[in-house]
Amino acid sequence: MNIFYYDVAIPIPIRETFTYECKESIQVGSRVLVEFRKKKVVGHIVKAVSKKPNFYTIQISEILDEEPIFKSNDIDILFWLADYYQHPIGEVFDTFCPPTLRKPVKRNIHSRNIQSEYKAFSNDKKVTLNKEQVESLEILNNLDGFDPCLLYGVTGSGKTEIYLRLTDTYLTKGKSVLILVPEISLTPQLEDRFVSRFGDNIGIYHSKKTAKQRYDIWERAQSGELKIVIGTRSAVLCPLNELGVIIVDEEHDQSYKQHEGFRFSARDLSIKRAQVEAIPIVLGTATPSLQTLRLVQEKKYKEAKLLKRANGFKPPGFITLDINDSQLESGIAKESLDAITNTLKENKQVLIFINRRGFSPLYECSSCRWIAECSSCDARLVFHHGLNRLICHRCDSAYGVPKKCPACNSSSLNLQGSGTERIELFLENYFEGTTIIRLDQDTTKKKGSLKEILEMVHKSESAILVGTQMLAKGHDFPRVELGIILNCDSGITSPDINSLEKISQLLIQVSGRVGRKENNGKVIIQTRYPEDKNLLELRSGDYLNFALNNLKQKKELRHPPYSAIALLRTTSPLAKHNINFLHQVNKSAKLKSDMSIIGPIPSIISKSRGNFRHHSIIQASSKIDLNKLIKNIIVLAGSWKETKKVKWYFDIDPIDYN
DNA sequence: AGCACGCCGACT
DNA sequence: GTCGGCGTGCTC
Ligand SMILES: [Zn+2]
Ligand SMILES: [Zn+2]
């Protein structure tokens, strides 16, 4: 009798697969139940093995799928992921397996006969497209095969309407559409627009949905019953039948990169998917990433442009306000307060952006300079007024607030600096009677609270909105006429590799919330560096011009996107273990002349959960070279004694070095 | 990741 | 003597 052999990927942090035998033939991409170290686990068949292996194999306990959950295109993509990010294959397969199917259960396959009707309801505001929109839609409708295209649309230019029309084009052809969005927080608006246009037979797929809901969408998408799926990172490989196009909204958004565990970029992955499936992909944003801009410049990506807001207005530029000689009240300058007063008088709303939540980011003793820090993270504690606790934003530990300095027993302890909470309290006092709305992680933690807050913004007439990044992302606040950016100097002076890209995107996104309804919005940037070259360049609000200059510099310096980098991070209870390991890497790695390793460097978060953190930056001139170099290091490191003392991982295309 | 195996310190 | 500490190594 014939015995078949298969390589099975098991969800553990090991790069290898394990070979099992089976009396029946199994399709690659199916899940199986196997005994692994005496325990039953769900694994994935990744490859058929033609020859009997020269080691002992055990039988596959159960074939879980009659129809494989991953098709041949998916398998190609999953192998690419494991190779590109050098991540254990079993974990890669597991990541894209819906949670329900990680358990040894049979699939609940939906019949292919259920065909849904999608009809664009044209009564959803009879919007006529302007000239730019017509031209852009024309470009997008004509994309063919693997055909990436940037949709550059300034804030408020009506990108969503273009997405809707493009979706309609594909539905008419009997194709399905996948729309990726950065985070759940801003999806409701996009979601609502799609539902009111195409009805509610739309799959909404993100990590806040229950496993059951997600699995249901997954099966309905695969059967062809669902033709529109809107989702976050975890939805990139959602198995839509007859997928026609992928739309990535806010393609520049950093949250597309997973920053824990398997550090893949969902944007880059979706581009890979489009390539493997030979379909177009649309990257929509008001602030394109440098990576995308480079590829547009080199004509590898097409481009469609919406340079005007749908109502014909342009987003406001910036006014820089020198605060070197200003008296600040809770971080706000007198001039800013006056501007707020004026805006409120006109019955309009004000948006205040600050990159910090909590009351105050620094609790300090004025006589001995003692600073409240987290005992396990080496990070400064942030005072939260509502909780009356000092909180570590790294590990969420809460500490009581000492009345006397633990170091010198002095009672002159000060709260330095302002976060959203302090500003909210200050404004409530200063502008008594005015509605103050705070929008940050702390006020939106509860389910539905974001929706509530947004409704409040829309209901209110004059109001002040105070918030962090969340406030800058994609919202439509028609009454906001004034924006104030309180502290972006850290972003301007930071030497971090992406800091200019990040800060310029942030400023533009903030200005994108302002003056959307009427054409007299303004945005004030409070800064101690009013003469900063980059700030001056950005002042007009012309992101593209700024980004192209930035790109030119990256080219000269051979920084990404004109080179590829990886971060090699180590953690261990003893700093010297990290350093020894990273030195061994420097000594042994085979570097060509266009490659470099910079390190070991203590990481910005130098300690976490009692472990020291160090890193090296590995650079090569292409992604392919970088990939080879990393594989070389992994092989070499397998035989060093230094390797055993540390935990280590690579972060490919890192977005920060923290 | 888990889990067994093994070789040293401090317990009944 | 032996209980258990976690450093090291292996998993089809
Ligand atoms: Zn003190
Ligand atoms: Zn901490």
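Since we're looking at a predicted model, the values are computed, not measured. A, B, ... follow the sequence lines: proteins, then strands. Residue 1 opens every chain.
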Between the side chains of [X] and [Y], is a donor N or O closer than 3.5 angstrom to an acceptor N or O?
X         : Y         : value
His384(A) : His393(A) : yes
Ser603(A) : Arg569(A) : yes
Gln619(A) : Arg558(A) : no

Give me the distances for all protein-to-nucleotides 3-6 of chain B N/O pairs that come in under 3.5 Å?
unit_1 : atom_1 : unit_2   : atom_2 : d
dC3(B) : OP1    : Lys39(A) : NZ     : 2.7

What is the separation between atom [atom1] on [X] and atom [atom2] on [N], rounded to the nearest whole Å?
X         : N       : atom1 : atom2 : result
Tyr56(A)  : dT11(C) : OH    : P     : 13 Å
Arg15(A)  : dC10(C) : CZ    : P     : 17 Å
Ile58(A)  : dT11(C) : CD1   : C1'   : 10 Å
Lys645(A) : dG9(C)  : NZ    : P     : 10 Å
Leu574(A) : dG7(C)  : CG    : C1'   : 13 Å
Phe36(A)  : dG2(B)  : CZ    : C1'   : 9 Å
Phe55(A)  : dT11(C) : CZ    : P     : 10 Å
Glu642(A) : dG7(C)  : CD    : P     : 17 Å

Residue-level proximity of residues 16-23 of chain A to DNA chain C when a heavy atom falls under 4.0 Å: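 Close to the strand are Phe18(A), Thr19(A), Tyr20(A).
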
- prompt: Got a second to check how far Ser499(A)'s OG is from Leu506(A)'s CG, nearest 0.5 Å?
  reply: 12.0 Å

task: Calculate, to the nearest 0.5 Å, the distance between atoms SG and CZ belonging to Cys238(A) and Phe96(A) respectively.
output: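 Nearest 0.5 Å value for the SG-CZ distance: 12.0 Å.
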
- prompt: Does Pro182(A) offer a backbone N or O that forms a donor-acceptor pair with the side chain of Thr232(A) under 3.5 Å?
  reply: no

query: Donor-acceptor pair, Tyr363(A) side chain versus Pro402(A) backbone, under 3.5 Å?
result: yes

- prompt: side-chain hydrogen bond (donor to acceptor under 3.5 Å, both in side chains) between Ser289(A) and Glu501(A): does it pass, once the steps are laid out?
  reply: CA-CA 7 Å; Ser289(A) 62; Glu501(A) 184 176 347; 4.8 Å; no

- prompt: Phe36(A) and Tyr20(A): aromatic ring centres closer than 6.0 Å?
  reply: no

- prompt: Looking at dG9(C), dA1(B), dC12(C), which one has an atom nearest to any side-chain atom of Lys647(A)?
  reply: dA1(B)

task: Please state whether the phosphate of dG7(C), meaning OP1 or OP2, lies under 4.0 angstrom from any side-chain nitrogen or oxygen of Lys644(A).
output: no

query: For Ile10(A), which contact category applies under a 4.0 Å heavy-atom criterion: base, sugar-phosphate, or nothing?
result: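 Here Ile10(A) touches no strand at all.
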
